[in-house]
Amino acid sequence: MEDIELMNRYFTGKREKITAYLRGFLDNVQKNFSAIHPLGADLIDRLFRFTAEGKMLRGALACLGYDLFRNSADDSMISLGAAIELFQSALLIHDDIMDRDVSRRGKPSLFYHYQQKALNENLSDAFHAGESLAICAGDAAFFLAYEILGKNPF
């Protein structure tokens, strides 16, 4: 039982650090996205919430593999974990569009959220608008993950 508690603490700690890293990184990016388009800030907010609501196991497992290989625990791979989580979010956003899943983790999926927003604004093709905006959000998550990877010399 002690090993399970130790692993739970480890994964919880890494999840918190990955979330904090993502918050800081995305806060910086949000300024640029806002300057490009009024929906840019909203996209980054939604992308952060979507990613932070996940378990972040993939990112934490990448950190664990590094820590086990080095035989010590440190936070040098937190940014790698954050990039992996953005990749996962992008895949899930696109998957929801392909499968037409209107919910993810008990909440409206991103494309469905954008679709409802377009309906409320009386856009002529709300379904297409919702899909298009979510595809852009998923693509942005891919590019942001690559940006994190490009900034780190792993």
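These numbers were taken from a predicted model, which means no experiment stands behind them. One is the number of the first residue; the rest follow in order along the sequence.
Annotation: the span from His94 atom NE2 to Asp139 atom CG amounts to 4.0 Å, rounded to 0.5 Å. Atom OG of Ser76 and atom CG of Asn152 lie 9.5 Å apart (nearest 0.5 Å). Taken to the nearest 0.5 Å, the NZ atom of Lys14 stands 13.0 Å off from the OG1 atom of Thr19. The distance from atom OG of Ser79 to atom CD of Glu147, rounded to the nearest 0.5 Å, is 12.0 Å. Atom CG of Leu26 and atom CD1 of Ile44 lie 5.5 Å apart (nearest 0.5 Å). The line from CD1 of Ile78 to CD1 of Ile148 is 11.5 Å long, rounded to the nearest 0.5 Å.
Between Ile93 and Ala134 the shortest heavy-atom distance is CG2-O, 3.3 Å. Listed here is the closest heavy atom pair of Ala82 and Ile18: CA-CG2, 3.8 Å. Between Phe25 and Leu144, the closest heavy-atom pair is CZ-O, 3.8 Å. Considering every non-hydrogen atom in both Ala140 and Leu43, the closest pair reads CB-CD2, 4.1 Å. Nearest heavy-atom pair, Ala60 versus Phe11, reported as atom, atom and distance to 0.1 Å: CB-CD2, 3.2 Å. For the pair Gly138 and Ala90, the tightest heavy-atom approach, listed with the atom from each and the gap, is O-CB, 3.2 Å.
Residues Tyr114 and Leu39 fail the side-chain proximity criterion, which asks for heavy atoms closer than 4.5 Å. Within the 4.5 Å cutoff, side-chain heavy atoms of Phe127 are placed close to those of Arg100.
Residue-environment remark: CZ (Phe48) exceeds the threshold of 12 foreign heavy atoms within 6.0 Å.
Gln30 places a side-chain N or O within donor-acceptor distance of the main-chain N or O of Ala41, the cut-off being under 3.5 Å. Side chain of Tyr10 to backbone of Leu64: a donor-acceptor contact under 3.5 angstrom is found. Between the Ser109 side chain and the Asp101 main chain, a donor and an acceptor come within less than 3.5 Å of each other. Although no hydrogens or angles enter the test, the distance criterion places a donor-acceptor pair under 3.5 Å between the side chain of Arg105 and the main chain of Phe50. In this structure, Arg15 contributes its side chain and Gly54 its backbone to a donor-acceptor pair below 3.5 Å. Side-chain atoms of Glu85 come within 3.5 Å of backbone atoms of Gly59 as a donor-acceptor pair (strictly under, hydrogens ignored).
Met7 is connected to Leu57 through a chain of hydrophobic side-chain contacts under 4.5 Å among Ile, Leu, Val, Met, Phe, Trp and Tyr, so both are in one cluster. With hydrophobic clusters built from ILVMFWY side chains whose heavy atoms lie under 4.5 angstrom apart, Leu80 does not share a cluster with Phe69. Criterion: ILVMFWY side-chain heavy atoms under 4.5 Å apart, direct or through other members. Under it, Tyr146 and Ile84 are part of a common hydrophobic cluster. Phe143 and Leu133 fall into different hydrophobic clusters, defined by Ile, Leu, Val, Met, Phe, Trp and Tyr side-chain heavy atoms under 4.5 Å apart, directly or through other members. Taken together through direct or relayed side-chain contacts under 4.5 Å among Ile, Leu, Val, Met, Phe, Trp and Tyr, Leu110 and Leu123 form parts of separate hydrophobic clusters.
The salt bridge (Lys or Arg N to Asp or Glu O under 4.0 Å) analysis of residues 48-64, with sequence neighbours excluded, yields the pairs Glu53-Lys107.
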- prompt: When you look at Phe142 and Leu91, which way does the side chain to side chain contact (heavy atoms under 4.5 Å, CB included) test go after all the steps?
  reply: CA-CA 9 Å; Phe142 280 126; Leu91 291 168; 3.8 Å; yes
- request: Would you check, one step at a time, whether the test side chain to side chain contact (heavy atoms under 4.5 Å, CB included) holds for Glu131 with Gln115?
  value: CA-CA 7 Å; Glu131 282 186 339; Gln115 178 187 10; over 6 Å; no
task: Would you sort out whether Asn28 and Arg23 count as a side chain to side chain contact (heavy atoms under 4.5 Å, CB included), showing the intermediate values?
output: CA-CA 9 Å; Asn28 288 330; Arg23 179 74 279 169; over 6 Å; no
